[in-house]
Amino acid sequence: MESEAIEDELQSLELEIKDVQGQISALIEHQERLYERKSELKTLLKAVAASGTPVASSSCPDGHGSTAVEKNWSEPFEWDSRADGIRFNIFGISKYRANQREIINATMAGRDVLVIMAAGGGKSLCYQLPALLRGGTTLVVSPLLSLIQDQVMGLAALGISAYMLTSTSGKDNEKFVYKALEKGEDDLKILYVTPEKVSKSKRFMSKLEKCHNAGRLSLISIDEAHCCSQWGHDFRPDYKNLSILKTQFPKVPMVALTATATQKVQNDLIEMLHIPKCVKFVSSVNRPNLFYSVREKSLVGKAVVDEIAEFIRESYSNNESGIVYCFSRKECEQIAGELRERGISADYYHAEMDVNMREKVHMRWSKNKLQVIVGTVAFGMGINKPDVRFVIHHSLSKSMETYYQESGRAGRDGLPSECVLFFRSGDVPRQSSMVFYEYSGLQNLYDIVRYCQSKTKCRRSAFFRHFGEPSQDCNGMCDNCALSSEVKEVDVSDLAKLVVSMVQEMQAKDQRVTMLQLGDKLRTKHKDLSAELKREEIEHLVIKLIVDSVLKEEFQHTPYSTNAYVTIGPLANQLLQGRKTIKTETSSRQMNKKSKRSSSFSGLESKLDELRKEISAAHGSMLPHTVLSTQQIGLISSQKPDSLQELESIIGKLKTDKYGDKILEVMKQCAVSEQLVEDATKEDTCKSRSSKRAKTQKAVVLLESSEEE
Ligand SMILES: Nc1ncnc2c1ncn2[C@@H]1O[C@H](COP(=O)(O)OP(=O)(O)OP(=O)(O)O)[C@@H](O)[C@H]1O
Ligand SMILES: [Mg+2]
């Protein structure tokens, strides 16, 4: 054999080997995911079998957490009546939500507790109430300054002595806190710190030790505990060092709380915080008040903004708060501007803004002076506003977990709210070139792409599946459950083969191709197709093939960006040899643009809303929802209390003492003006009736006269 021919064959063998290696590693990765899922499902099965109730379990079947026969935390406890008094009279909360009472009881009994409870589920009460019940000082570790400020402000408004120690704390504040920790003379019920204080400040730790030695450290709470785990979505290195707390203060009960944690993250937390015997309370991830939908995103940028503006104007015309999430800083600024041009009160928020500017925007929005924040993912964990009525994603998130977190900022007060995601396949490579180097980054992204591409599967079930929880009824609270009737499945295997063959041809010629180029080439080469197929349909198919491992994305860095290219995937041959079919879903359904899922304020509710804004403005730092929550406004308006005593039975003693007179005054004014309107309407009706009567009589007279004529 000529040496040239040998070299040729050698080269082609090397290429083939490389290809096979690629397929093997993709399959191994796939196999790992299957194993991981298998173990999740096994754990889930055990949990279901053990408890009979799949959610709200308080034991841990996998060797982590408490395995002994658990106490029944729902039974009566000696502190019940004191706890009820604080709940109602100080926090103004009329009844516990799922698991709150049990968590409080376990904490009061001195146990370590791990709480997994959905966003807005009411985790804060689970450590704030025991903090007041137990006496002494409760230490709360929380990751963000803005979250801490919000909490301290809210507690101060309830008359609870809460303080914080952060990098921005002034000298006087620091002196007060240290003295209170050391001497215990001043009242310090709840102390919030950032994790850096625990891991880096020796001074703080020594004061805390003194507080503990004097028997005054009564509870330690780790909020947003998923930050401990590098498998969580928001890992903070300083959280890793929090294990020191249990080592130093083993007898002080610890309560760790988070909104989302997969089994892996839960195990990690238990290990890292050194709480192997903790009682675990896992509530459902379900957020029944959120309506999830995905809308097709137009290729024309302005059309997307038009649709968003129309949606906000039509469904949320009472200035109800919302968030629009965007992919990039530039996009944020642009879309905020375009929404403003369309008459929506909107501003942007991203990481590259000056901190003061960011704080100002956040504050205007929190005080309902700005309706919409257009943010990047930087507008994240510190968002505590309970009455966010809509969260719109201008482009897809990087994973189901991130989407659950971001969309979950809607409706934390439990009232109906909407989560809309604008999806187009062309957005996928933008995201994939950002996440491909993260652990399971692409697989996580493809999971949310599947969520977006499906026109039949319940959106909620995707969350249950992701978090390893048995499905629950959606109650028609997603677009696919509410409007799925006109969806058709179409076999597009032939077209898919054309696409794959084209990628193969290009790869053989050593040419790289992006998704956009692939679509163009296909339409140029197969002119007959271009008349029938739109660009977005081809992109939709290419992304589907990538998600199904028939094609694959590869990445290359340039000095300015990372480009995503489409190459042959491990299952391409199965398709080409006819062993795999590809089906896409088409639907002719129209989203009902005038979906009015949020109830708008009635006259009295609007007046009470104005009152809470006035009180908040007069107090400077107090937020409107701290004065009265939207839920409380709803209760007052439906029950119409007419004495302070009746009002107290709805909103508790503290708020009644503070704002009761003003609330009753507003109610009186409203009743008077409603009466006036009613009287005027009655009068109008009478008048119109009598004029109608007169007209009828006239007509009769005319008729009679005509008859006479
Ligand atoms: N039992 C209850 N009844 C009515 N409202 C409640 C109850 N418990 C808590 N809330 C209210 O629900 C809202 C959300 O509570 P909280 O901030 O504790 O949620 P969270 O679980 O910590 O959520 P996140 O994960 O977003 O931090 C608050 O406005 C709070 O006052
Ligand atoms: Mg919280």
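Order of appearance sets the numbers: ligands from 1, and atoms from 1 within every ligand.
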Visitor: I need the contact residues for ligand 1: any residue with a non-hydrogen atom closer than 4.0 Å to the ligand, ordered by chain then number.
Guide: Ile93, Lys95, Tyr96, Arg97, Gln100, Ala118, Ala119, Gly120, Gly121, Gly122, Lys123, Ser124, Glu224, Ala259, Pro386, Arg412, Gln631

Visitor: Of all residues at least two apart in sequence or in a different chain, which pass the side chain to side chain contact (heavy atoms under 4.5 Å, CB included) check with Ser201?
Guide: Tyr178, Lys197, Arg203, Phe204

Visitor: Would you call Arg389 and Asp413 a salt bridge, using N to O less than 4.0 angstrom?
Guide: yes

Visitor: In this structure, which one of Lys367, Arg412, Arg612, Arg409 forms a salt bridge (charged side-chain N to carboxylate O under 4.0 Å, His left out) with Asp387?
Guide: Arg612

Visitor: With sequence neighbours left out, write down each residue that passes salt bridge (Lys or Arg N to Asp or Glu O under 4.0 Å) with Asp223, or none if nothing qualifies.
Guide: none

Visitor: So do the side chains of Tyr404 and Arg287 get within less than 4.5 Å of each other, counting heavy atoms only?
Guide: yes

Visitor: Sequence neighbours left out, what passes side chain to side chain contact (heavy atoms under 4.5 Å, CB included) with Asn89? Give chain and number order.
Guide: Glu648, Lys653

